[in-house]
Chemist: 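First, the structure itself, so that you have it in front of you.
Order of the sequence lines fixes the chain letters, A, B, ..., with proteins taken first and strands second; residue numbering starts at 1 for each chain.
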Amino acid sequence: MSDTADAPRLDFIRTIVAEDIRTGKHAAPATRFPPEPNGYLHIGHAKSICLNFGIANEFKGTCNLRFDDTNPTKEEQEYVDSIQEDVRWLGFSWDDRLYFASDYFEKLYGFAEKLIEMGKAYVDDQTADEIRANRGTLTTPGTDSPFRSRTVDENMDLFRRMRAGEFPDGTRVLRAKIDMASPNMVMRDPTIYRIRHAHHHRTGDTWCIYPMYDFTHCLSDSMEHITHSICTLEFENNRELYDWVLDTLPVPSRPRQYEFARLNITYMVMSKRRLIQLVTEGHVSCWDDPRMPTLQGLRRRGFTPESLRLFAERIGVSRAANTVEIEMLEACLRETLNDSAPRAFAVLRPIKVVIRNYPENQEEIFECPNHPEKPEQGTRSIPFSHELWIEQDDFREVPPKGYHRLSPGKEVRLRHAYYITCVDVVKDPATGAVTEIICEYDPATKGGWSQDGRKIKGTLHWVSAKHAATAEIRLYDRLFTKADPMDAEEGKDFKDYINPAALETLPACPVEPSLATLAPETVVQFERLGYFCADRRDHAPGKLVFNRSVGLRDSWARQEKKG
RNA sequence: UGGGAGAUCGUCCAGCGGCAGGACUACGGACUCUGACUCCGUCAACCUAGGUUCGAAUCCUAGUCUCCCAGCCA
């Protein structure tokens, strides 16, 4: 059957979902993306978003957006706003299924009382240190708390008084009564409620006790009738507790947890803690700095939602620890941008070209296609005149072998314009450096094409000096010089591998005048240079700022490097 | 010296008893008004050792290595 041959390969989670539908276990999958609103989303979250929402879309199910906001001291409204914006930007919709764990606090409290009634939870008066000490170690069992055998009534009374605010922070916790000798540390009477007299970004001061993740997440999943609760591998050990809670309590539905390996990318750091450090210590300007792996940083850099979705699809989903090469990400960006980005001319490092036989007062306009393969993208007008800017790289007084750009006596094409031949150079008498290239153009090659069909190997981009707009162009490179900055040498730390050349600013580059009206956040391809995104933050009337998203592949540069 | 999980080209992902395949990278070549794109091609892997089997990446046994867990974080 040809359609099985063409069917996309399913990752192990999609295979499980498909099987659950096939066997009738579920009519459709219900998933959720459950961020804690304590920071900005990054590309690792994008993998999870694409997985959860992707499964919902592909199998005609649903995916909820749920904020796991059970720790009031870390969470802020600002983050819930930015997270929503980012998920939408990535191209996914939760429709009306926006939930907050904090909306379940009352129900969660009820479940906790139920656990106490069942004799499966107790109030512990030990200090945090004592609890830690009594938990035992990886190889030795823990010892029971002296408060473990309190009566149901006593526990209930104490727990209610915890809620009533009678006790200060840290004096008591509610613990599930499971097994202090369990080989799984998570199961050694986990804390499920702690006292925190803190203001919560949504519930205000209504509560002074807050449920822990392990108690909250599974019950939230159940209440939302989630079928497949997908999380990362570090929660593997927590699954036993997830199941214990749901199997112990009378719950509305029985979700299952599945874990996948989180995303790592070479030359990037993903941990929230490290990203905070980069911002607060001033190594980058802010959370949306184009060097950051945050969705807002990537967006400002010119990454499109489409490119990130493609990336998520390409890297797949497995349970094996992985580090994807950054080249894979860049390839996805180039691939999507090559298709969509309009072309334009800009000169990063200009050198003047004077067309000797082109009248000084003459100018003409070329109508050039915005995209070489997509006539539907229309055209733009590019003015041509006596003096032009070209790229310094595109001229060599002494051309190396294989160089087919401009050099004395050599003819090249100015893209969309004319063939020109270098007839002379002007040098700075002091340094001997070439300051101006004198050329002659062939009027018979108007439009960049010759009737006699003579072969021209070099085609250059250019900008008319008289008509040029000026833009600030920022060249971005990878933030770190080491593929795995976290794997620091003795006595070093990841910040020692920050790439000082990750940002280079070119304050005044000539660009073609059509760019002056470009809308912020659009990405264009500067021909022969790469993809550049009109910055949405620093763009202002009369000011153009471009961030380089990613360069073009450059086989000449590679060849020259090899020698 | 505990428990859980994982090991397939340099990287990521498939293959689930029957020819180890795709993508990225690298390297060739063709094409080209972007040294881009596109197209074609090449290099390149089953952690180890035993066993079962006509046949093992796949099943069994024993190792090795890596990751996760001792928050009143998620």
Chemist: Are the side chain of A/Thr15 and the backbone of A/Asp11 linked by a donor-acceptor contact shorter than 3.5 Å?
Modeler: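 It does hold such a pair.
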Chemist: Measuring to OP1 and OP2 of B/G6, would you say a side-chain N or O of A/Arg319 lies under 4.0 angstrom away?
Modeler: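 For B/G6, OP1/OP2 do have a side-chain N/O of A/Arg319 under 4.0 Å.
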Chemist: Quickly work out the A/Leu310 CG to B/C24 C1' distance and round it to whole Å.
Modeler: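 In whole Å, B/C24 C1' lies 11 Å from A/Leu310 CG.
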Chemist: So, is A/Ser318 close to the B/C13 phosphate, meaning a side-chain N or O under 4.0 Å from OP1 or OP2?
Modeler: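 For B/C13, OP1/OP2 do have a side-chain N/O of A/Ser318 under 4.0 Å.
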Chemist: Send over the distance from A/His371 NE2 to B/U32 P, rounded to a whole Å.
Modeler: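 Result: 19 Å.
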Chemist: So which one's nearest nucleotide on RNA chain B is more toward 5', A/Thr139 or A/Asn338?
Modeler: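 Closer to the 5' end of RNA chain B: A/Thr139.
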Chemist: To the nearest Å, how far apart are A/Leu10 CG and B/C13 P?
Modeler: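 That distance rounds to 16 Å.
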Chemist: Answer yes or no: is there an ion pair linking A/Glu224 with A/Arg32, defined by an N-O contact shorter than 4.0 Å?
Modeler: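 Looking at A/Arg32 together with A/Glu224, the answer is no, because their closest N to O distance does not fall below 4.0 Å.
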Chemist: Could you check whether A/Gln126 gets within reach of a base, just the sugar-phosphate, or nothing at all, counting any heavy atom under 4.0 Å?
Modeler: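 It contacts base atoms.
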Chemist: Assign A/Asn184 to base, sugar-phosphate, or nothing according to its heavy-atom contacts below 4.0 angstrom with the strands shown.
Modeler: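 The answer is nothing, as A/Asn184 stays clear of every strand by at least 4.0 Å.
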Chemist: For the NZ atom of A/Lys410 and the CD1 atom of A/Ile456, what is their distance to the nearest 0.5 Å?
Modeler: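 Result: 9.0 Å between the selected atoms.
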Chemist: In whole Å, I'd like the distance from the CD atom of A/Glu75 to the C1' atom of B/C73.
Modeler: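 About 10 Å, once rounded to whole Å.
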Chemist: Strictly below 4.0 Å: does A/Arg405 bring a side-chain N or O up to OP1 or OP2 of B/G35?
Modeler: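 The answer is no; no side-chain N or O of A/Arg405 sits under 4.0 Å from OP1 or OP2.
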Chemist: Any side-chain N or O of A/Ser182 below 4.0 angstrom from OP1/OP2 of B/G3?
Modeler: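 Checking A/Ser182 against B/G3: no side-chain N or O falls below 4.0 Å of OP1 or OP2.
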Chemist: Among the candidates B/C12, B/G4, B/C73, find the nucleotide nearest to the side-chain atoms of A/Lys74.
Modeler: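 Closest nucleotide among those given: B/C73.
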Chemist: Do the side chain of A/Gln525 and the base of B/U34 come within less than 3.5 angstrom through a donor-acceptor pair of N or O atoms?
Modeler: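 Side chain to base: pair found, below 3.5 Å.
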Chemist: Does B/G22 adopt a syn or an anti glycosidic conformation, taking syn as a chi angle within 90° of 0?
Modeler: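 B/G22: anti.
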Chemist: For A/Arg175 and B/C72, is the shortest distance between a side-chain N/O and OP1 or OP2 below 4.0 Å?
Modeler: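 A/Arg175 to B/C72 OP1/OP2: no side-chain N or O under 4.0 Å.
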Chemist: Side chains of A/Gln126 and A/Ser145: donor-acceptor distance under 3.5 Å anywhere?
Modeler: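 Judged by distance alone, the side chains do pair up.
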Chemist: Could you measure between the two C1' atoms, the one in B/C47 and the one in B/G28, and give it in whole Å?
Modeler: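 Rounded to whole Å, the distance is 33 Å.
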Chemist: I want to verify a distance call: between B/G4, B/C27, B/C13, whose nearest atom is closest to the A/Arg558 side chain?
Modeler: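 It is B/C27.
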Chemist: Rounding to an integer number of angstrom, what distance separates B/C54 and B/C46 when you compare their P atoms?
Modeler: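 The same atom, P, in both gives a distance of 26 Å.
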Chemist: Rounded to the nearest 0.5 Å, what separation is found between the CD1 atom of A/Ile315 and the CG atom of A/Asn322?
Modeler: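 So the CD1 of A/Ile315 and the CG of A/Asn322 are separated by 7.0 Å.
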Chemist: Assess whether atom NZ of A/Lys272 is packed by more than 12 heavy atoms of other residues, nucleotides or ligands within 6.0 Å.
Modeler: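 More than 12 heavy atoms, drawn from other residues, nucleotides or ligands, come within 6.0 Å of this atom.
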Chemist: Please determine, by modelled atom types, if A/Thr191 and A/Arg175 share a side-chain donor-acceptor pair under 3.5 angstrom.
Modeler: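 No, because no side-chain N or O of A/Thr191 sits under 3.5 Å from a partner of the opposite role on A/Arg175.
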Chemist: So, OP1 or OP2 of B/G71: does either fall under 4.0 Å of a side-chain N or O from A/Arg135?
Modeler: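 For A/Arg135, the contact criterion (side-chain N or O under 4.0 Å from OP1 or OP2 of B/G71) is met.
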Chemist: Should A/Tyr213 be counted as stacked on B/A74, where stacking needs a ring-centre gap under 5.5 Å and an angle between planes under 30 degrees?
Modeler: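 Here the ring of A/Tyr213 and the base of B/A74 are not stacked, as the 5.5 Å and 30° limits are not both satisfied.
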Chemist: Report yes if a side-chain nitrogen or oxygen of A/Arg239 is closer than 4.0 Å to either non-bridging phosphate oxygen (OP1 or OP2) of B/C68; otherwise report no.
Modeler: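 False: A/Arg239 side-chain N/O out of range (4.0 Å or more) of B/C68 OP1/OP2.
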Chemist: Using a strict cut-off of less than 4.0 Å between a Lys/Arg side-chain nitrogen and an Asp/Glu carboxylate oxygen, indicate whether A/Glu391 and A/Arg528 qualify as a salt bridge.
Modeler: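 Looking at A/Glu391 and A/Arg528, the cut-off is not met.
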Chemist: For a quick check of understanding: with a heavy-atom distance under 4.0 Å over all strands, which category does A/Glu373 fall into, base, sugar-phosphate or nothing?
Modeler: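 Base: the residue A/Glu373, judged by heavy atoms under 4.0 Å, touches a nucleobase.
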Chemist: If a stem is a run of at least 3 consecutive Watson-Crick or G-U pairs, both distances under 3.5 Å, which stems include RNA chain B?
Modeler: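 Ordered by first number, the stems with RNA chain B (at least 3 consecutive pairs each) read B:2-7 with B:64-69, B:10-13 with B:21-24, B:26-30 with B:38-42, B:47-51 with B:59-63.
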Chemist: Does OP1 or OP2 of B/U34 have a side-chain N or O of A/Arg553 closer than 4.0 Å?
Modeler: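 No, A/Arg553 has no side-chain N/O under 4.0 Å of OP1/OP2 on B/U34.
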Chemist: Please give, in whole Å, the distance from B/U66 P to A/Asp487 CG?
Modeler: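 Checked: the CG to P distance equals 12 Å.
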Chemist: Using a 4.0 Å heavy-atom cut-off across all strands, classify A/Pro372 as base, sugar-phosphate, or nothing.
Modeler: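 Base contact.
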Chemist: B/U48 and B/U53: how far apart are their P atoms, nearest whole angstrom?
Modeler: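 B/U48 and B/U53 have their P atoms separated by 22 Å.
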Chemist: Is any side-chain N or O of A/Arg196 closer than 4.0 Å to OP1 or OP2 of B/C72?
Modeler: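 Checking A/Arg196 against B/C72: no side-chain N or O falls below 4.0 Å of OP1 or OP2.
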Chemist: Looking only at atom C1', what distance separates B/U61 and B/A23, rounded to whole Å?
Modeler: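 The answer is 36 Å between these two C1' atoms.
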Chemist: Within the 4.0 Å heavy-atom criterion, would you say A/Ala320 contacts the bases, only the backbone, or no part of the nucleic acid?
Modeler: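 Sugar-phosphate only.
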Chemist: With distance as the sole test, does A/Arg548 use its side chain to make a donor-acceptor pair with the main-chain N or O of A/Ile473 at under 3.5 Å?
Modeler: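 Pair absent, no side-chain N/O of A/Arg548 close to backbone of A/Ile473.
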